[in-house]
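Only this structure's heavy atoms are used, side chains among them; waters, hydrogens and symmetry mates stay out.
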Amino acid sequence: MTKEKNLSVLNGYIVLILLILLLIGAGFLLFRISPVLPILMLVSAFILFKGFVLVNPNSSNVLLLFGKYIGTIKKNGLFWVNPLYSKRKISLRASNFDSERLKVNDKLGNPVMISTILVWRVTDTYKAAFEVDDYQNFVRVQTDAAVRKLASMYPYDNFADEGLDEDITLRSSVNEVSEALEKEVQERLAMAGIEVLEARIGYLAYAQEIANAMLRRQQATAIVAARHKIVEGAVSMVEMALNELSKKEIVDLDEERKAAMVSNLMVVLCSDKDASPIVNTGTLNH
């Protein structure tokens, strides 16, 4: 037997009625006839009692007879089985697993802290009970291994300014990374009869030793990008101002005065601080 077998078992309420009748009969006959028969009835009732199995909703019982797999009861209710069967309960409910924060290296070798949230459930009780030693511990260990492998496959973030422009990153490609993680974990847990319902990154950050440096780098990148936009806008505005002055013939500027005007406008438009205007009450030459 290498796969799960759904077992058909006897309704427990029928045996319960029989058990009650045996106990009543044993009590009635105990002081009226030889005690041998009532004792045998009590022993029979005790043996019958050992065969009861209560299965709650979304639970199961794996049955063994002297080490041999007999089958699995998945239907909920009260049942009766061979009293010699050994029983092992396995939950079929969905379970959450929030892994510890692991320190791993991403694709570029940067140390990052990462954890995952996994939603899983048992679908094959035979594999969960006999293919692995402890299926719950197996889930934890294999999930950690999958997260380590996933982190090494992708960079934490894009570094386009260094020529390292990646399509998928741990920080920005949430859906793609979650799909890859779910596939990787499912492949590892399939041998234990476990289905992965959801897998996603729960925590992601640079490791403490490089967090400050990477934060400064991100800030510098943002500042450079902002400056680039500011300069583009300033050049466009200066060009528009010169064209409008020339088009409407408001003032006739030679090349030297145009250069001075461009310089002044670029300083005003690109400065971090507000400009302090100076009113010229003389001529253009003074």
Nearest 0.5 Å, please: how far is CG in Leu65 from CD1 in Ile70?
5.0 Å

Give a yes or no on whether the ring-centroid distance for Tyr69 and Tyr126 is below 6.0 angstrom.
yes

List the atom of Val53, the atom of Lys87, and the distance in Å for their closest heavy-atom pair.
CG2-CE, 3.3 Å

Indicate whether the side chain of Thr123 and that of Glu195 have a donor and an acceptor atom separated by less than 3.5 Å.
no

Going through the checks in order, is the salt bridge (Lys or Arg N to Asp or Glu O under 4.0 Å) test met by Arg188 and Glu184?
CA-CA 7 Å; Arg188 292 171 178 268; Glu184 180 67 25; 2.9 Å; yes

Same cluster (ILVMFWY, side-chain, under 4.5 Å), Tyr203 and Val185:
no

pair Ile24-Ile20: side-chain heavy atoms closer than 4.5 Å
yes

Taking atom CG of Leu7 and atom CZ of Phe79, what is their separation to the nearest 0.5 Å?
10.0 Å

Identify whether Val139 and Val141 are in the same connected component of the hydrophobic contact network (ILVMFWY, side-chain heavy atoms under 4.5 Å).
no

If only atom types and distance count, is the side chain of Thr72 paired as donor or acceptor with the main-chain N or O of Val62 below 3.5 Å?
no

Determine yes or no for a side-chain-to-main-chain donor-acceptor pair under 3.5 angstrom, with Ser60 supplying the side chain and Ile90 the backbone.
yes

Is the closest side-chain heavy-atom distance between Leu84 and Phe66 below 4.5 Å?
yes

Glu4/Lys74 ion pair, N-O < 4.0 Å
yes

Spell out, yes or no, whether Phe49 and Ile17 are grouped together once hydrophobic residues are joined by side-chain heavy atoms under 4.5 Å, including indirect joins.
no

Evaluate whether atom CG of Asn137 has more than 12 neighbouring non-hydrogen atoms of other residues, nucleotides or ligands under 6.0 angstrom away.
yes

Ignoring hydrogens and angles, tell me if any N or O in the side chain of Thr116 forms a donor-acceptor pair with the backbone of Arg200 under 3.5 Å.
yes

One should read off an interatomic distance between Ile194 CD1 and Gln186 CD, to the nearest 0.5 angstrom, of 9.0 Å

State, with a plain yes or no, whether a side-chain heavy atom of Leu197 is found less than 4.5 Å away from one of Trp120.
no

Which heavy atom in Glu182 sits nearest to a heavy atom in Glu198, and how many Å separate them?
OE1-CA, 4.2 Å

Among Val122, Val196, Val132, the one residue meeting side chain to side chain contact (heavy atoms under 4.5 Å, CB included) with Leu189:
Val196

With distance as the sole test, does Ser152 use its side chain to make a donor-acceptor pair with the main-chain N or O of Lys149 at under 3.5 Å?
yes

Chi angles and distances behind the side-chain contact (heavy atoms from CB on, under 4.5 Å) call for Leu19, Phe52
CA-CA 11 Å; Leu19 177 62; Phe52 284 110; 3.7 Å; yes

Could you check whether any side-chain heavy atom of Ile201 comes within less than 4.5 Å of a side-chain heavy atom of Leu150, counting everything from C-beta outward?
yes

Note, Val81 side chain near Leu10 side chain (heavy atom, < 4.5 Å):
no

Are Phe138 and Phe97 grouped together when hydrophobic residues (ILVMFWY) are joined by side-chain heavy atoms under 4.5 angstrom apart?
yes

Close side-chain approach of Tyr13 and Leu78, heavy atoms under 4.5 Å
yes

At their closest point, which heavy atom of Ile114 faces which heavy atom of Ala151, and how far apart are they?
CD1-CB, 4.5 Å

Test Leu118 against Asn96 for side-chain contact (heavy atoms from CB on, under 4.5 Å), laying out the working first.
CA-CA 6 Å; Leu118 182 70; Asn96 283 318; over 6 Å; no

Quick one: does any side-chain atom of Asp106 pair with a main-chain N or O of Tyr156 as donor and acceptor, under 3.5 Å?
yes

Working to the nearest 0.5 Å, report the span between CD1 of Ile117 and CG of Leu181.
11.0 Å

Atom NZ of Lys183 with >12 non-hydrogen neighbours under 6.0 angstrom:
no

Quick check: does any side chain N or O of Glu131 sit under 3.5 Å from a backbone N or O of Ala190, one acting as donor and the other as acceptor?
no

Taking the side chain from Arg93 and the backbone from Pro57, do they hold a donor-acceptor pair closer than 3.5 Å?
yes

Donor-acceptor under 3.5 Å (Asn56 side chain, Ser59 main chain):
no

Hey, quick one: are Met153 and Val112 part of the same hydrophobic cluster, counting side-chain heavy atoms closer than 4.5 Å, chains of contacts allowed?
yes

dist Thr125:OG1 -> Lys3:NZ (nearest 0.5 Å) comes out at 13.0 Å

List the steps and the verdict of side-chain contact (heavy atoms from CB on, under 4.5 Å) for Arg148 and Leu102.
CA-CA 8 Å; Arg148 291 181 183 275; Leu102 304 175; 3.9 Å; yes

To the nearest 0.5 Å, tell me how far Ser91 OG sits from Arg121 CZ.
11.0 Å

Stepwise side-chain contact (heavy atoms from CB on, under 4.5 Å) test for Tyr154 and Thr169:
CA-CA 6 Å; Tyr154 305 108; Thr169 64; 5.8 Å; no

If we ignore hydrogens and angles and just use 3.5 Å, is the side chain of Trp80 paired with the main-chain N or O of Val9 as donor and acceptor?
no

Closest non-hydrogen atoms of Lys50 and Pro83, given as atom of the first, atom of the second and distance, are CB-CB, 4.2 Å

